[in-house]
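Scroll down for the structure; my scribbles are underneath it.
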Amino acid sequence: MEDNLFQVLRERSTDRLSEVFLSEPEGRSLTYSECFRMSGQYAQALQECGVQEGDRVLVKVPKSTDAVALYLACLQFGVIYVPLNPLSTPDETNYFITDAEPSLVVCSDEDTMKIPVRSETIGKESSSLNKLASSLPALDIVTKRANSDVAAMLYTSGTTGKPKGAMLTHRGLIENARALHEIWGFRSNDVLLHCLPIFHVHGLFVALHCAMLSAAEVIFLQKFTVSSVIDALPKATVMMGVPTHYVRLTEDKNFDHALCHHMRLFTSGSAPMSQHVHKAFNDVTGQQILERYGMTEAGIITSNPLAGERIAGTVGFALPSMDLRITKGNTLCASGETGTVEIRGDHLFSGYWRQADQTAESFRDDGFFITGDIGSLDTQGRLSLEGRVHDMIISGGENIYPKEIELRLDALESIKESAIVGLPHPDLGEAVTAFIITEGIFSEAKVRDRLTAHIASFKQPKKYVTVDALPRNSMGKIQKNRLREEYSSLFSSH
Ligand code: MLC
Ligand code: AMP
């Protein structure tokens, strides 16, 4: 039974069931016992809907306490939780449905998309799954899971532009949660300020599991806004964010030292944080952000220390349970040398859903996973990241793959050719930029409209730059690095 993540999370709150788990500043507060009752009822409801152990349940809903309870219900009942960005377009959603073959899709009542398989809604008392669940007794038993059983599947894009489902096991999630809980010193009187989306590993696993392992309170914000974070900070002790959150906070005149002096920890990750932002945050608050590095396939991989020196520009040491090495081809790099980051450990995913070839390609024979990140280790074992092998863009902590957008643009009559590049952006870290060669009459508004039907809004190019030709090397390959260099100040505020 120890092998079901739900069991591990529930056990930790045995003595604290009447304590607040999720408190929404504008809404209700749920205690641990209320949340587990809700998840037990959702687990019964899943059963009523014909969902069976090992099935996939695809969940495309805005952030809510219901969504958290549904996640826990899926764990408890032994079905695979597949969260989607609620901004996903019908095109994107249909791809995920075809690929994951869920036996149930859960969306919000506002979602007008026609779902080709059984679907239910949550989020309101009148939503179909809420109504069904509230009419049922809570399931108490927890489905036994084996080490390799998959708890959740999160889609992560690929260089081909087709997202792949990373299968995360109960065991892997338990190990990562325990390791983080330990190294970040979580305790029951912590109050976690939760302003992240809950369809990524960061907001769903890293943040929630750390708090749940101490049965601590979570201030559950619907989304990140500077004002809601400033309002909630006085009650919090820990905040987890992406660099864009800290950039925006630091720039606000109401954000100051007094607001943060009681905080014991600010963590950042999911995207690189510049030394400038580290320093600006430190100047305003007197606090040193703890930067850590993770990815969907592995959870958190490295972290700066809680006690001990946190160095801006490095992502710290490998977690105790993680082996990490830097390689160039088949050679191990010496300290200081730059190469590909490879990792091995119990936290790792068990493969890409129905993609045996892609899974095999991402692992070495000795079990190391090739992350696609480039970095170097110093003599003490601190990792510094220096880029990525593939031309993935990270905008505000969201990953965007150029290929997916280029294929859409190239299919339009007014665009002969395109190259999508991430350019430095003071707020988002990188901003999606389209370099295009136009044909006939080009209208940016029309192109945006056409893309809207296919790709989620956060992936839309922030700027279109019309060029006569795209720079190419002697093999004919577009030299995106030249575009990145030449246009590096396109978004700079100065
Ligand atoms: C929203 N928009 C974005 C965007 N987020 N555009 C570019 N990049 C983004 N990240 C667009 C919307 O599509 C919308 O477009 C407009 O901005 C306003 O939407 P919004 O929801 O009001 O945006 P905002 O609140 O400003 O969101 C920005 C943000 C958010 C940074 C607060 O994106 C965020 O919380 N990001 C966190 C992502 C995260 O948790 N990543 C973890 C990945 S896990 P329009 O056209 O409709 O106006 C991982 C592993 C690890 O990487 O290590 O953790
Ligand atoms: P995802 O596929 O959404 O899980 O994103 C994982 C990627 O985010 C990693 O492979 C890194 O490229 C990047 N990432 C995560 N944390 C950091 C960090 N602290 N600094 C730089 N890049 C990071």
* **CE on M239 to CD1 on I289, rounded to 0.5 Å** => 8.0 Å

* **F21/F220 under ring-ring contact (aromatic ring centres under 6.0 Å, His included): CA gap, chis, key distance, verdict** => CA-CA 9 Å; F21 171 28; F220 200 63; 8.0 Å; no

* To do: Indicate yes or no: does E430 engage R484 in a salt bridge with an N to O separation below 4.0 Å.
  => no

* Y246 and F266 aromatic ring geometry - parallel, tilted or perpendicular at 30°/60° bounds -> perpendicular

* Presence of salt bridge, K279 and D283, under 4.0 angstrom -> yes

* Step by step, would you call T338 with I326 a side-chain contact (heavy atoms from CB on, under 4.5 Å)? -> CA-CA 7 Å; T338 300; I326 308 287; over 6 Å; no

* Output the distance between atom OG1 (T169) and atom CG (N147), rounded to the nearest 0.5 Å. => 7.5 Å

* To do: Evaluate the side chain to side chain donor-acceptor pair (under 3.5 Å) criterion for residues R28 and T65: first the C-alpha distance (whole Å), next the side-chain angles of each, then the deciding distance (0.1 Å), finally the verdict.
  => CA-CA 9 Å; R28 59 183 173 170; T65 51; 3.2 Å; yes

* Asked: When rounded to the nearest 0.5 angstrom, what distance separates OG1 in T452 from CD in Q460?
  -> 4.5 Å

* **More than 12 heavy atoms from other groups under 6.0 Å of CD on Q287** => yes

* Asked: Which value, rounded to the nearest 0.5 Å, describes the distance between H347 atom NE2 and E297 atom CD?
  -> 14.5 Å

* With the threshold set at 4.0 Å, does a side-chain nitrogen-carboxylate oxygen contact exist between K124 and E110? -> yes

* Under 3.5 Å side-chain donor-acceptor pair for R292 and T302 -> no

* Asked: With the threshold set at 4.0 Å, does a side-chain nitrogen-carboxylate oxygen contact exist between R448 and E444?
  -> yes

* **Member of V218, V8, L72 meeting the side chain to side chain contact (heavy atoms under 4.5 Å, CB included) criterion with M212** => L72

* Sidechain-backbone polar pair: N473 side chain, Q479 backbone, donor-acceptor under 3.5 Å -> no

* To do: Give the C-alpha distance, both sets of side-chain angles, the deciding distance and a yes or no for side-chain contact (heavy atoms from CB on, under 4.5 Å) between L324 and L383.
  => CA-CA 9 Å; L324 189 149; L383 178 69; 4.1 Å; yes

* For residues I478 and A419, report the shortest heavy-atom separation together with the two atoms involved. => CG2-CB, 4.1 Å

* L319 vs I301 side-chain heavy atoms within contact, under 4.5 Å -> no

* Should K480 and E406 count as an ion pair when the cut-off is N to O under 4.0 Å? -> yes

* To the nearest 0.5 Å, tell me how far L409 CG sits from L451 CG. => 5.0 Å

* I would like to know whether T237 and H262 meet side chain to side chain donor-acceptor pair (under 3.5 Å); could you show each step before the answer? => CA-CA 7 Å; T237 63; H262 68 289; over 6 Å; no

* Evaluate salt bridge (Lys or Arg N to Asp or Glu O under 4.0 Å) for K63 paired with E24, printing each intermediate quantity in order. => CA-CA 11 Å; K63 185 174 177 180; E24 292 180 297; over 6 Å; no

* To do: Check whether any side-chain N or O of D252 sits under 3.5 Å from a backbone N or O of V226 as a donor-acceptor pair, and report yes or no.
  => no

* With no hydrogens and no angle check, is any side-chain donor or acceptor of E337 less than 3.5 Å from a backbone partner on A334? -> yes

* Output field: ring centroids F435/Y464 closer than 6.0 Å -> no

* **Heavy-atom donor-acceptor pair, D256 side chain to V284 backbone, under 3.5 Å** => no

* Parallel, tilted or perpendicular: ring planes of H425 versus F491, cut at 30 and 60 degrees -> tilted

* Asked: Is a side-chain N or O of H170 found less than 3.5 angstrom from the main chain of L5, in a donor-acceptor match?
  -> yes

* For H200 and T296, test the side chains for any donor-to-acceptor distance below 3.5 angstrom and give the result as yes or no. => no

* With S384 via side chain to side chain contact (heavy atoms under 4.5 Å, CB included) - residues at least two apart -> T314, S376, E386

* **No-hydrogen, no-angle side-chain donor-acceptor test under 3.5 Å, Y42 and D66** => yes

* **Backbone N/O of A215 and side chain of R16: donor-acceptor pair under 3.5 Å** => yes

* Could you tell me if the ring centre of F281 sits under 6.0 Å from that of F255? => yes

* **Partner of Y81 by ring pair (Phe, Tyr, Trp, His ring centres under 6.0 Å), out of F205, F199, Y71** => Y71

* To do: For residues I80 and V57, determine if any side-chain heavy atom of one lies less than 4.5 Å from a side-chain heavy atom of the other.
  => no

* Structure fact -> Here the gap from Y293 atom OH to L385 atom CG, rounded to the nearest 0.5 Å, amounts to 5.5 Å

* Is there a donor-acceptor pair under 3.5 Å between the side chain of H209 and the backbone N or O of V206? -> no

* Output yes when K60 and D111 qualify as a salt bridge under the 4.0 Å nitrogen-oxygen rule, no when they do not. => yes

* In sequence, state the C-alpha distance, the side-chain angles, and the governing distance for N399 and I393, and then conclude on side-chain contact (heavy atoms from CB on, under 4.5 Å). => CA-CA 6 Å; N399 290 1; I393 298 167; over 6 Å; no

* To do: For side-chain contact (heavy atoms from CB on, under 4.5 Å), just list the numbers for F224 and V242, CA-CA rounded to whole Å, side-chain angles, deciding distance to a tenth of an Å, and then say yes or no.
  => CA-CA 10 Å; F224 173 91; V242 300; over 6 Å; no

* Asked: Which residue pairs satisfy the salt bridge (Lys or Arg N to Asp or Glu O under 4.0 Å) criterion with at least one member in residues 184-195, sequence neighbours excluded?
  -> D190-R264

* Beyond-backbone contact of K459 with E404, side-chain heavy atoms, under 4.5 angstrom -> yes

* Asked: Would you say the side-chain atoms of T89 and H454 include a donor-acceptor pair closer than 3.5 Å?
  -> no

* Measure up the F96 and Y155 rings against each other and bin them: parallel (under 30°), tilted (30 to 60°), perpendicular (over 60°). => tilted

* Asked: Would you say Y401's side chain and H390's backbone share a donor-acceptor pair under 3.5 angstrom?
  -> no

* **Donor-acceptor side-chain pairing of E19 and S13 below 3.5 angstrom** => no

* To do: May I ask you to say whether E175 pairs ionically with R171, meaning some side-chain N is under 4.0 Å from a carboxylate O?
  => yes

* Without swapping roles, check the side chain of D323 against the backbone of I343 for a donor-acceptor pair under 3.5 Å. => no

* Between F6 and F36, ring centroids under 6.0 Å -> yes

* With sequence neighbours excluded, what pairs up with R325 under the side chain to side chain contact (heavy atoms under 4.5 Å, CB included) test? -> T327, L332, E342, R364, D366, F368

* When you measure from the side chain of T14 to the backbone N and O of E11, does any donor-acceptor pair fall under 3.5 Å? -> yes

